[in-house]
**Q** 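Take a look at this one; I'll ask things after.
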Amino acid sequence: MSSEELRLNVEKALDEIRPFLQSDGGDIDLLSIEEGKFVKVQLVGACTSCSVNQMTLKSGVEMTIKKYAPQIEKVINVE
């Protein structure tokens, strides 16, 4: 998978999860994909102060991204 295809797949994954985040007053931005296996994102809005944002990141965002791009090893939130 080329780096452009990888980016498109990660964007598709974020588009899938974005409505759930937005319904709670938050959102997510893709910052970068490093070494083809680490995705850096930034939770914004209500997600920044949410007490369960790390759970959302792991069980929601990371799981969804891995569904579209299995080579991704980790999703990192940059505050």
**Q** In this structure, which one of Asn77, Val61, Val75 forms a side-chain contact (heavy atoms from CB on, under 4.5 Å) with Ile28?
**A**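 The passing option is Val61.
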
**Q** Contact between Val10 and Ile33 at the side-chain level, heavy atoms closer than 4.5 Å - yes or no?
**A**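 Yes, side chains in contact.
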
**Q** Nearest heavy-atom pair of Gln22 and Asp27: which atoms, and what distance?
**A**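 The pair with the smallest heavy-atom distance is NE2-OD2, 3.2 Å.
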
**Q** At their closest point, which heavy atom of Leu6 faces which heavy atom of Ala69, and how far apart are they?
**A**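 Scanning both residues, the minimum pair turns out to be CD1-CB, 3.5 Å.
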
**Q** Does a side-chain N-to-carboxylate-O contact under 4.0 Å join Glu16 and Lys67?
**A**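 The answer is yes: the pair qualifies as a salt bridge.
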
**Q** To the nearest 0.5 Å, tell me how far Leu21 CG sits from Leu43 CG.
**A**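 Here the rounded value is 7.0 Å.
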
**Q** So, taking the atom named NZ in Lys74 and the one named NZ in Lys66, what distance separates them when rounded to the nearest 0.5 Å?
**A**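 Rounded to the nearest 0.5 Å, the NZ-NZ separation comes to 10.0 Å.
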
**Q** Who pairs with Ser3 by side chain to side chain contact (heavy atoms under 4.5 Å, CB included), at least two apart in sequence or on another chain?
**A**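 Checked Ser3 against side chain to side chain contact (heavy atoms under 4.5 Å, CB included); zero matches.
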
**Q** Flag the pair Val39 / Leu30 as yes when at least one side-chain heavy-atom distance between them is below 4.5 Å, and no otherwise.
**A**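 Contact flag for Val39/Leu30 side chains = yes.
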
**Q** Taking Ile65 as the starting point, is it possible to reach Phe20 by hopping between hydrophobic residues whose side chains are less than 4.5 Å apart?
**A**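 Hydrophobic grouping puts Phe20 with Ile65.
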
**Q** Does any pair with a residue in residues 6-15 pass side-chain hydrogen bond (donor to acceptor under 3.5 Å, both in side chains), and if so which ones, sequence neighbours excluded?
**A**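 Every side-chain hydrogen bond (donor to acceptor under 3.5 Å, both in side chains) pair that includes a residue of residues 6-15, provided the two are not neighbours, is Asp15-Arg18.
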
**Q** Between Gly36 and Ile72, which heavy-atom pair has the shortest distance, and what is it?
**A**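 Heavy atoms only, the tightest pair is O-CD1, 3.9 Å.
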
**Q** Say whether Glu34 and Ser32, considering side chains only, have a donor N or O and an acceptor N or O under 3.5 Å apart.
**A**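 The answer is yes; a qualifying pair exists.
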
